[in-house]
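The next block holds one structure in the form of structure tokens; read it before the comments.
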Amino acid sequence: MQLPKTYEPNRYETDIYAMWEAAGAFKPSGAGDPYSIVMPPPNANANLHVGHSLEVIKDILIRYYRMSGRDAVYIPGADHAGFETWVVFEKSLESEGKSRFDFPREQLYQMVWDFVAKNRSNMELQIRSLGISCDWSTNTFTLDSKVVNIVYSTFKKMWDDGLIYRGERLVNYCTRHQTSFADIEVVYDEEETPLYYIKYGPFELATTRPETKFGDTAVAVHPDDDRYREWVGQTVTIHGVNGDFNVVVVADEMVDPHFGTGVVKITPAHSFDDWEVAQRHDLPAVRVIDPDGKLNDKTGRFAGMTILDGRKAVVEAMQEMGLILKIDEHYKTRIGRCYKCGTMIEPMLMKQWFINVKPLAERAKSAIENGDIKFVPEQKSRELVHYLTELRDWNISRQIPWGIPIPAFQNVDDGDDWIFDTRVDQTEIEVEGHIYRRDSDTFDTWFSSGQWPFITTDYLDSGELARFYPNSVMETGTDLLRPWVARMIMLGLYRTDQMPFKEVYLHGMVTDEKGRKMSKSKGNVINPMDFVAEFGSDALRMGISMNRSAGQPQAFSHATVIAGRNFCNKLWNMARLVQKIIDENPNQAEISDDLAAQWVKKQLNQAQRTIADHIENYRFAEAIDTVYHTIWDDVADWFIEAEKLTKNVPVLMEIMDYVLKIAHPFAPFVTEAIWTTFHSDGSLLVSQQWVNDLTYHDDEAEEFESIQSLVNEIRLVTTQLPAGKYDLLYIGDEIIADNVDLITTLAGLKSVQQVTAGRGLRIASTDREAWLDLSYEMVYEHQTRLEKRLAETRADIAKLESRLGNQGYIDRAPTHLVEESRQDLTDKQALVERLVAELEITK
RNA sequence: GGGUUGUUAGCUCAGUUGGCUAGAGCGCCUCGUUUACACCGAGGAGGUCGGGGGUCCGAGCCCCUCACAACCCACCA
């Protein structure tokens, strides 16, 4: 069989993935301890971004545990991503000159559905191209009926338990998207905005939002502020642009007496702080801005203006009346904006569905504090506890058509009469003679995805996958700790009385090569598929997981992808050589006295244990490092090189299989490509068992190690010499005598000869009687190098002597360390003697 | 204002409970046409582990302090 000189991933990857799928290789075996991972469902509205390539972390785990004999499943999914998808969809409508208001709701829903179906299949192909070994037969879409049914049953249970309430509250509202948001979807930034100092009845005060003045229902001062004590409780008349109005003066701790004049106007309907003051003092709330972002009729002649235009107009009117005292144009404050379009978030008074999170959060908190879940990195659990402590009630209503409709209907004759009903395909239903109208809102996406682990495993219905709940590990990005992980824990405990997963591993964000956040507007977005196309899937997999540690953001590194590509090529060429040796020596029986084979088995045993330990403890970068260097440095550079001579075919095959297995979780495609060329029996590497320890003879392994140190020493010397090949002379050394060819090849010598008297340069650092046959002039030239080495060794000795001269060290350091130091000192002293003797000759 | 994390080679980053000579990849330098691989082989340069102090026989790692960076949270009109 002819294999090309370099590995060409694109020739194999698609076929290999198809082969795995056809063989059902990703299905759980049904035998062994269950091991499960659920994929954070990628948004079905777009292509994968580079962060998604960290799915390989989960794939490394699942492939390893699958090979280790666990009953392993990796459940994939896709998220309808309510608001996210809606934004993308609306943009595409806009580009066609259309608007959501041009279509009836049902038609819109169908249009989004088609839009998503198209993008979703793309996204799923991309997951395949990353080699993710998930069981596609368990694929779940967040709008599947089984998801909707469980989401409804959770909503019903909460309703019955009194955890759901409909409340008129201030919500974060984007006037452009015309929907409300959870707290977590609002981004805050420090910005400059004018601060207006105004005359306000008998007071002076500062405000950034004069246009909300029409909604003022109070003025607040600090209870301990003597300046205003007499006013508290009184009603004062304010001279305003639309005439006079009255407000009450309240005392509240919220006021900072040292800020401005120590007086704050209270606009409950348009400020979160003011809303809370209003709650405490039972103040009315007047909404002056409508959901379309325009001032309403409460503002009189300003009605119909946008917020910013209204502000300008109100300020002008106030200036004419002499109500503006001064304007600080460079005042800096924190402004909340829509995380999608950047529109200023308007606190909006609306009736919405809320979850009373306190009982859920308390339960989650104590479970986490109890250590029921292991976090990697650990400090994230403290962060989460902190978040759960401060969590406010959760607004689950969204005013967008795309999503799971809220199964609640309102009596058309009695606005306070709401009933739960799942007939959401109808806009109106009749119950006991009353007509009820469906709430037009949909659920916040996190309400459904927060139930993901027990939904996807059919746990509540005791389905076939129920044994996979709780999941073994939840692996996702640090950015999802609050919005998703926290909710899964709360809802998981609520519905199943169990933690939804036993461990949480959080990866840091992938930033661009300069460490900046990626964003479309910065134009620094990296498309993982470009890298798959150019370097291969395995190269990207290895590159993205190299040098990465839990929870830390890390710049995407082109260089590590290249390292991954190089490694795959190395594997490929090892296979080519092994194949060639097999082809040329088809009937070669095992050779028993193969030192290199004994040694490499010893190395591999150790590496295997290290790799397993690293994976099991989520140290992926270290695992890859071990795989990379064991295979490249030990197997390729020593063992395979030695086998060019020995041609120990059965062992070569054994080692090759071993190498493919330990590399497979990291580089599944190239290892499978090689495996299938070596194994014509139709077996697949993906389904093989993880490696066991190999038996080897320690004496022979050690013998090989002493040959290595001799070879290393010779290389060290010859690399300093003029190019060419040199002869090695030795006196009666059995190991050298038995391995003449091996040493000649590995050290790149012309010959190795037995002599009765040495000449040339003694290979000083080993205690062997071996010389490089060099002329006197060459040895002389080498003198400075010997002197340098001698000086270094003497410095080492001085260090060791001072350490051993320290009584504290002798008394308190572990004995084995002291012993090692002593041994080291003895060895170094012997080396010095040999180097000195060597230098004598050159004089 | 509070919190978390980080600052290690030219670049991107590892470094598991303090243990003796701090590692990797990429880049750089020297040499190499050994028919697996130049996406290669052999060798090498490059670090006072952000600054200062402390604990300890021993500190990249623990403690204190300062500086800088990133992220998150927060009710300052």
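Each chain gets a letter, A, B and so on, in the order its sequence line appears, and its residues count up from 1.
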What's the gap between B/U34 and B/C39 when it is taken at their P atoms, as a whole Å value? 16 Å
Across the strands shown, which category fits A/V255 at heavy-atom distances under 4.0 angstrom: base, sugar-phosphate, nothing? base
Atom-to-atom span, CD of A/E390 to C1' of B/G2 - whole angstrom: 10 Å
Using the P atom in both, what is the distance from B/G60 to B/G52, to the nearest Å? 13 Å
Under a 3.5 Å cut-off for both distances, is B/U35 Watson-Crick or wobble paired, and to whom? none
Please say which of A/T646, A/D634, A/N648, A/I655 ends up in a side chain to side chain contact (heavy atoms under 4.5 Å, CB included) with A/F639. A/I655
Mind checking if A/Q807 touches a base, just sugar-phosphate, or nothing, with heavy atoms under 4.0 Å? nothing
With A/E211 via salt bridge (Lys or Arg N to Asp or Glu O under 4.0 Å) - residues at least two apart: A/R209, A/R311
Distance below 4.0 Å between A/K517 side-chain N/O and B/C72 OP1 or OP2: yes
On RNA chain B, does the nearest nucleotide to A/V264 precede the nearest nucleotide to A/L800 from the 5' side, or the other way round? Give the residue. A/L800
Could you tell me how far apart A/F620 (CZ) and B/G15 (P) are, to the nearest whole angstrom? 13 Å
Separation between the C1' atoms of B/C62 and B/C56, rounded to whole Å: 10 Å
So A/K828, base contact, sugar-phosphate only, or nothing? Heavy-atom distance under 4.0 Å. base
Please report the distance separating the P of B/C31 from the corresponding atom of B/C49, rounded so that it comes out in whole Å. 34 Å
Regarding A/L716, tell me which of base, sugar-phosphate or nothing describes its non-hydrogen contacts under 4.0 Å with the strands shown. sugar-phosphate
Exactly one candidate in A/E792, A/K788, A/R794 meets side chain to side chain contact (heavy atoms under 4.5 Å, CB included) with A/L790; the answer is A/R794
Tabulate below the donor-acceptor pairs under 3.5 Å that side-chain atoms of residues 375-385 of chain A make, not counting sequence neighbours, or state none.
unit_1: A/K380; atom_1: NZ; unit_2: A/E383; atom_2: OE2; d: 3.2
unit_1: A/S381; atom_1: OG; unit_2: A/E378; atom_2: O; d: 3.4

Any donor-acceptor N/O pair under 3.5 Å between B/C72 base and A/Y387 side chain: no
Now, which nucleotide makes the Watson-Crick or G-U wobble pair with B/A67, with each of the two distances under 3.5 Å? B/U7
Provide, to the nearest angstrom, the distance between the CG atom belonging to A/L710 and the P atom belonging to B/A42. 16 Å
Length of the NE2-C1' vector between A/H270 and B/C75, whole Å: 18 Å
Whom does B/U48 pair with, Watson-Crick or G-U wobble, provided both distances fall under 3.5 Å? none
Testing the 3.5 Å rule here: is there a donor-acceptor pair between the side chains of A/D727 and A/S751? yes
When you compare B/C63 with B/U16, how far apart are their P atoms, in angstrom units rounded to a whole number? 15 Å
Pairwise P distance for B/A38 and B/G19, with rounding to whole Å: 41 Å
Could you check whether the rings of A/W231 and A/F203 sit parallel, tilted or perpendicular, using 30° and 60° as the cut-offs? perpendicular
I need a per-nucleotide contact map over nucleotides 22-38 of chain B, read 5' to 3'. Cutoff is protein heavy atoms under 4.0 Å; write B for the base, S for backbone only, - otherwise. --BSS---------BBS
Ranking B/U12, B/C76, B/C20 by distance to the side chain of A/A555, first place goes to B/U12
Can you give me the closest heavy-atom contact between A/F567 and A/V627, atom names plus distance? CZ-CG1, 4.0 Å
Interatomic distance, A/L195 CG vs B/A77 P [rounded to whole Å]: 8 Å
Expressed as a whole number of Å, how far does the C1' atom of B/A14 sit from that of B/G1? 35 Å
Between atom NE2 in A/H222 and atom P in B/C75, what is the gap in whole Å? 17 Å
Indicate, with a heavy-atom threshold strictly under 4.0 Å, whether A/R619 touches base, sugar-phosphate, or nothing. base
For A/Y809 and B/G19, give me the distance from atom OH to atom C1', rounded to whole Å. 7 Å
Counting heavy atoms not belonging to A/M509, are there more than 12 under 6.0 Å from its CE? yes
Base, sugar-phosphate, or nothing for A/P377, non-hydrogen atoms under 4.0 angstrom? nothing
Could you let me know what B/A22 is paired to, Watson-Crick or G-U wobble, both distances under 3.5 Å, or none if it's on its own? none
Between the main-chain N or O of A/R715 and the side-chain N or O of A/T719, is there a donor-acceptor pair closer than 3.5 Å? no
Pick base, sugar-phosphate or nothing for A/Q379, based on heavy-atom distances below 4.0 Å to the nucleic acid. sugar-phosphate
Over all atoms of both residues, closest heavy-atom pair of A/N10 and A/V532: OD1-O, 3.8 Å
So which one's nearest nucleotide on RNA chain B is more toward 5', A/G551 or A/E513? A/G551
Rounded to the nearest angstrom, tell me the gap between atom CD1 in A/I544 and atom P in B/A14. 13 Å
NA contact type, A/K265, heavy-atom cut-off 4.0 Å: base, sugar-phosphate, or nothing? nothing
Please report the distance separating the P of B/G47 from the corresponding atom of B/G23, rounded so that it comes out in whole Å. 14 Å
For B/U21, does either OP1 or OP2 sit under 4.0 Å from a side-chain N or O belonging to A/R803? yes
Please name the nucleotide paired to B/A42 by Watson-Crick or G-U wobble geometry with both distances under 3.5 Å, or report none. B/U30
